[in-house]
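Heads up, the thing below is written out as structure tokens.
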Amino acid sequence: MQAGATTQGLSDKPADPSPTPSIKTAQRIGVPREIFPEEKRVATVPEVVEKLIKLGFSVAVESGAGDAANCSDDTYRAAGATVVDSAAALWSGSDIVFKVRPPTADEVALMRAGQILIGFVWPAQNPDLMQQLAAKEVTVLAIDALPRMLSRAQKMDALTSQAGVAGYRAVIEAANAFGRFFNGQITAAGKVPPAKVFIAGAGVAGLAAIGTAAGLGAIVRANDTRAEVADQVVSLGGEFVKVDFEEEGSGGGGYAKVMSEGFQQAQREMYAKQAREVDIIITTALIPGKPAPKLITAEMVRSMKPGSVIVDMAAEQGGNCELTEPGQAVVKHGVTIVGYTDLVSRLAKQSSTLYASNLFRLAEELCKTKDGVVNVNMEDDAIRGLTVIKEGEVTWPAPAPKLPPAPAAKPAAAAPAAKKAHGHGGGDAEPMAGSKLAIMFGVAAALFWLIGSSAPPAFLSHFTVFVLACFVGYMVVWNVKPALHTPLMSVTNAISSIIAIGALVQVSPWANAADRPNDLISWVAAAAIVLTAINMFGGFAVTQRMLAMFRK
């Protein structure tokens, strides 16, 4: 559907006085050019425009909106969007507006009643903006208010996608300011030690920074108040540095909480030690709606080695370092302190693509009928959390989402424990097990005696070997521990080993011509040895290749 075909509120024809049934028309999505200083992102990209059109929407983009993100007007036109020359025309002719940054007062003035605004709003930090938008009687969906604890909301989580870009870019900025290699090298000119990187905070941005720095070959250490992220740090190639103070640090919505004074003192001591040892510090500690905590003091900066680097990702909210200057990269006490507030915009193409995908997933939730008309369903927990203003009425903050109840414990799970306790209490569990075992062996011995009394001696010999092989094979196979490979591979290797031993028994008499067995059996045994050897050695080779994928 072409963008100019149907828009609401643009017709100059007088209203028809006769009552007619209302017909829903496809809505237009408008994408203005971001006017915030140094903002290079755009709310949607040409690849996503095509998907929005398939949902039934028409799309209009302000001319030049994507230039800084390498998305030209021609690529938008090729994707099916209409390019509008002015911001006023775009705002007035759009039913839904996709934005990155919160709208300015001038942009709010261009809005009209009934429009839907989707983007970052930060309602807690912008109460005046909320009042201005409510006065315009618009509907506002703040992508930063998404209930992140809902699993199905992850596809719409723009905070996570943008934080991952920021963490990656922070390491790139650190590498640019650092005067050496990240990875250790041995050259003809001498040995170069690897850089040591300490990352304060292992949230989404911190984990992205850990993975990037480890990928560049640095020795990476990280700390977080949430103990449960330690495994994630290790899985990305980092070392988790624990604070010598026991306190739970998990807060609501996936964020860390403000810690006690005792914990903070122990944390400062640990940070001071790391500052003296490492070459690069990247700080990511920030709780939405609150000033950034001061983690790196001026004294810690003075203790760092000359040429070291600090990248303060919380600079926009005051910074985690006392000497950070927001928006600037400065050198103090021989340490470069990077306080850029536009880390995400420095990868404008990537961040815009991810953000556009998040908004498209939201559009899918709003327009499940694929007719180009959104339905802000306040019964949907994810949509209700996003909606901070509904038709001029402030609905923020949203009530806590209804999480599914925890599954009830299965009654059968307690049965083994109860049985075990009964046995230790003097019951008849153990004697019954012993009697059953004795009966089983007695029946087996009787059957063995009946067979042996009437069978030829040769058969009895082979039958004894067969029974013992079954017992030994069972014990060997099911007691193999999956140490360096999967349980399935452990079992198959054990079975292959038993086959190989049996085949060797059949092949071994070849050395004595008088005892040489049937040629067919010998050749089958030889083939079994070859095949099982291939299986065993191939399994270990595959295992080594799998383990190599996880080594640095």
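E39 and S345 are linked by a side-chain donor-acceptor pair at a separation below 3.5 angstrom, with hydrogens and angles left out of the test. In this model, no donor atom of one side chain and acceptor atom of the other lie less than 3.5 Å apart for D85 and S63.
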Practice task
Would you please test M130 and V394 for side chain to side chain contact (heavy atoms under 4.5 Å, CB included) and show each step?
Solution key: CA-CA 8 Å; M130 291 286 288; V394 177; 4.0 Å; yes

Exercise for the section: Could you go through the salt bridge (Lys or Arg N to Asp or Glu O under 4.0 Å) check for E299 and R302 one step at a time? Expected result: CA-CA 5 Å; E299 182 61 33; R302 282 191 287 268; 3.0 Å; yes

Practice task
Go through the steps for F120 and Y355 under the test ring pair (Phe, Tyr, Trp, His ring centres under 6.0 Å), then give the verdict.
Solution key: CA-CA 11 Å; F120 286 104; Y355 184 67; 5.5 Å; yes

Exercise for the section: Verify salt bridge (Lys or Arg N to Asp or Glu O under 4.0 Å) between E173 and R169, making sure each step is shown before the conclusion. Expected result: CA-CA 6 Å; E173 294 294 340; R169 184 68 192 194; 2.9 Å; yes

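Within 6.0 Å of CZ on F360 lie more than 12 heavy atoms contributed by other residues, nucleotides or ligands. Heavy-atom neighbours of F263 CZ from other residues, nucleotides or ligands within 6.0 Å: above the threshold of 12.
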Kindly list each side-chain donor-acceptor pair under 3.5 angstrom involving residues 204-212, sequence neighbours excluded, with atom names and distances?
from, atom 1, to, atom 2, distance (Å)
T212, OG1, A208, O, 2.8

Mind listing the side-chain donor-acceptor pairs of residues 158-165 below 3.5 Å, one per line with the distance, residues two or more places apart or on another chain?
from, atom 1, to, atom 2, distance (Å)
T160, OG1, R148, NH2, 2.9
T160, OG1, D157, OD2, 2.5
S161, OG, A158, O, 3.0
S161, OG, N358, OD1, 2.7
Q162, OE1, R41, NH1, 2.9
Q162, NE2, S351, O, 3.2

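The existence of a salt bridge linking R101 and E316 is confirmed by a sub-4.0 Å separation between a basic side-chain nitrogen and an acidic carboxylate oxygen. In summary, R77 and D74 engage in a salt bridge, as defined by a charged side-chain N under 4.0 Å from a carboxylate O. The pair K305-E277 fails the salt-bridge criterion, with no side-chain N (NZ, NE, NH1 or NH2) lying under 4.0 Å from an Asp/Glu carboxylate O. A salt bridge does not link D67 to R33: none of the charged nitrogens lies less than 4.0 Å from a carboxylate oxygen. A salt bridge between R112 and E137 is absent, with no side-chain N of the basic residue lying under 4.0 Å from a carboxylate O of the acidic one. Salt-bridge formation is not detected for the pair K242/D224: no Lys NZ or Arg NE/NH1/NH2 atom is positioned less than 4.0 Å from an Asp or Glu carboxylate oxygen. Between K51 and E364 no salt bridge is recorded (no basic side-chain N to carboxylate O distance below 4.0 Å). Salt bridge annotation for E34-K40: absent, with no cationic side-chain nitrogen under 4.0 angstrom from a carboxylate oxygen.
With a 6.0 Å cutoff to the six-membered ring centre and a 45° limit on the axis angle, R346 counts as a cation-pi contact of Y340.
Nearest heavy atom pair, residue A65 against residue V31, reads CB-O, 4.1 Å. A pairwise comparison of heavy atoms in V233 and A222 identifies CG1-CB, 3.9 Å as the closest pair. Closest of all the heavy-atom pairs between A145 and V388 is CB-CG1, 4.3 Å.
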